[in-house]
A.B. asks: 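My questions will all concern the structure given below.
Each chain gets a letter, A, B and so on, in the order its sequence line appears, and its residues count up from 1.
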There are 2 protein chains.
Amino acid sequence: MSISTKDKLAWTAAKLFQEKGFDGVGLNEILAAAGLPKGSLYHHFPNGKKDLALEAAALADREMVRIINDAFASAETYRHGVSTLFHKLAKLFELLGSHTGCPISEILFAGPDRNEFRTRSATYFNGWIACIEGHAIRLGETEAAAQQQAERLFISLQGCWTLARANEDSDQLRRAPELLF
Amino acid sequence: MSISTKDKLAWTAAKLFQEKGFDGVGLNEILAAAGLPKGSLYHHFPNGKKDLALEAAALADREMVRIINDAFASAETYRHGVSTLFHKLAKLFELLGSHTGCPISEILFAGPDRNEFRTRSATYFNGWIACIEGHAIRLGETEAAAQQQAERLFISLQGCWTLARANEDSDQLRRAPELLF
DNA sequence: ATAGCAATAGACCGACCGGTCTAATTGAGG
DNA sequence: CCTCAATTAGACCGGTCGGTCTATTGCTAT
């Protein structure tokens, strides 16, 4: 069985939202890219664009958590994990196209219901930080250090990605570990 | 003589773009907020929304450079300057409303003419970094260290602002200096 | 005073927006 | 085979978008 219609819509939406932001993409554009009619969208996402955006953000969140876990799974030290993570992100940045932004920011900082969206972005971001913190602790950092390291890592991730986007240069992400330690 | 019509339009646009992004704000909304008719806009900005966005971004850039220079002007050490800068930014974050984003990103990562806009964002961002680097050198850092410190500072600024926005918490910016040193 | 240009004012336009609704199609259970 | 619900398909809607155009106002130089 191939990918479900619902997933196809959500993935297509996630990709386009990352490129142009919530308000920068029209439903017709998403549907054309997915090759689906409007009826399917409103069948699977009764609340239209809002539901679609939330699902796309959830998808992007899971994907990012997966990437973080992947990077640290094979690492023997925290530093090593950080380095692997940023190299993976640099690859991802190139793959997505260097004009792409953070999916969560692009989707959830705009849109209707600003507070609901914003709250969700905080949940996701703090989830990433908690996830990193867990790996740091597992790899031998003290709890206090791990908390701080995780926050630093997240902040560098956001900042470096922004700079990489402006300069269209994935090396901004590859050089991030040097800045962190 | 009071503020010119052109400036009023650009400032109003800058504020709204920061809150909702380039595609999230309509011209009518900007004009209503500025209390001006459409004719004025197209008189002062013949290319409409595009010109207005570029002018708003230029305004925001100058403002940020001013803030950076202010913070470091009275500083006796680089660290001291960094601390002052982040406290100023935390204040600004509260003043603008905690849903506000980086003006440059919000305006220049979206919009038409993606490449022209993106190039300009790179120019502004690298200008900020160069500006910080200058202060670092003036305050006794070596050139190599200054370059790296400036980049780290910029990255932290972007990352912390994002986290502050998600969590609606200006303290994310105030705590930034601790993460940097 | 008035000629002439800069600026303000807003009606108006086609295109596209997100969203609704009805019809056709599909596929699993009886 | 037939039924019937799930899904796909897309025409259609009012509203808003960015942008154009004409008229009027205000100011300045002569």
A.B. asks: Provide, to the nearest angstrom, the distance between the CD1 atom belonging to B:I30 and the P atom belonging to D:dT16.
C.D. replies: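 In whole Å, D:dT16 P and B:I30 CD1 are 16 Å from each other.
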A.B. asks: Check this for me: does any side-chain nitrogen of one of A:K20 and B:D23 sit under 4.0 Å from a carboxylate oxygen of the other?
C.D. replies: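 Salt bridge flag = no for B:D23 with A:K20.
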A.B. asks: Nearest whole angstrom, please: distance from the C1' of D:dT20 to the CG of B:D51.
C.D. replies: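 Atom CG in B:D51 sits about 16 Å away from atom C1' in D:dT20.
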A.B. asks: Would you tell me if any nitrogen or oxygen in the side chain of B:H44 comes within less than 4.0 Å of OP1 or OP2 on C:dT8?
C.D. replies: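 So the side-chain polar atoms of B:H44 do come within 4.0 Å of the phosphate oxygens OP1 or OP2 of C:dT8, strictly under.
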A.B. asks: Round to a whole Å and report the spacing from CZ of A:F45 to P of D:dT8.
C.D. replies: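 Atom CZ in A:F45 sits about 11 Å away from atom P in D:dT8.
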A.B. asks: Between C:dC17 and A:N28, is there an OP1 or OP2 to side-chain N/O distance shorter than 4.0 Å?
C.D. replies: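 The answer is yes; a side-chain N or O of A:N28 sits under 4.0 Å from OP1 or OP2.
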A.B. asks: Phosphate oxygens OP1/OP2 of C:dA7: is one of them under 4.0 Å from a side-chain N or O of B:T5?
C.D. replies: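 Answer no for this pair, as no side-chain N or O of B:T5 is under 4.0 Å from OP1 or OP2.
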A.B. asks: Answer whether the closest heavy-atom distance between the side chains of A:L139 and A:T77 falls below 4.5 Å.
C.D. replies: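 Side-chain contact under 4.5 Å: no.
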A.B. asks: If I take atom CG in residue A:L52 and atom P in nucleotide C:dC17, what distance separates them, rounded to the nearest angstrom?
C.D. replies: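 Atom-to-atom, A:L52 to C:dC17, this comes out as 14 Å.
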A.B. asks: Are side-chain N/O atoms of A:N69 and A:H135 paired as donor and acceptor at under 3.5 Å?
C.D. replies: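 Side-chain D/A pair, A:N69 to A:H135: present.
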A.B. asks: Which atoms form the tightest heavy-atom contact between A:H99 and B:R114, and what is the distance?
C.D. replies: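 Result for this residue pair: CD2-NH1, 3.2 Å.
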A.B. asks: From the options C:dA11, C:dG18, D:dT8, select the nucleotide whose nearest atom is closest to the side chain of A:L27.
C.D. replies: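 Taking heavy atoms from C-beta onward, the closest nucleotide is C:dG18.
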A.B. asks: Quick check on D:dG18: is either OP1 or OP2 less than 4.0 Å from any side-chain nitrogen or oxygen of B:K49?
C.D. replies: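 Looking at the OP1 and OP2 atoms of D:dG18, one of them is under 4.0 Å from a side-chain N or O of B:K49.
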A.B. asks: Apply ring pair (Phe, Tyr, Trp, His ring centres under 6.0 Å) to A:F125 and list each qualifying residue two or more places apart in sequence or on a separate chain.
C.D. replies: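 Listed in chain order: A:W128, A:F154.
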A.B. asks: Rounded to whole Å, please give me the gap between OH in B:Y42 and P in D:dG18.
C.D. replies: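 My rounded result for the distance is 8 Å.
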A.B. asks: Would you kindly give the CG-to-C1' distance between B:L9 and C:dA7, to the nearest whole Å?
C.D. replies: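 Computing the B:L9:CG to C:dA7:C1' distance gives 12 Å.
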A.B. asks: Side chain of A:K38 only, please: which of D:dG18, C:dT20, C:dG10 is the nearest?
C.D. replies: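 Selected nucleotide (nearest to the side chain): C:dT20.
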A.B. asks: Pick base, sugar-phosphate or nothing for B:G39, based on heavy-atom distances below 4.0 Å to the nucleic acid.
C.D. replies: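 Answer is base: heavy atoms of B:G39 come under 4.0 Å of a base.
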A.B. asks: Does A:H43 have a side-chain nitrogen or oxygen under 4.0 Å from the phosphate oxygens OP1 or OP2 of D:dT7?
C.D. replies: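 For D:dT7, OP1/OP2 do have a side-chain N/O of A:H43 under 4.0 Å.
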A.B. asks: Atom CG of A:L41 and atom P of C:dC21: how far apart are they, to the nearest Å?
C.D. replies: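 Whole-Å distance recorded here is 16 Å.
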A.B. asks: Roughly how many Å is it from NZ in A:K50 to C1' in C:dC17, rounded to a whole number?
C.D. replies: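 That distance rounds to 19 Å.
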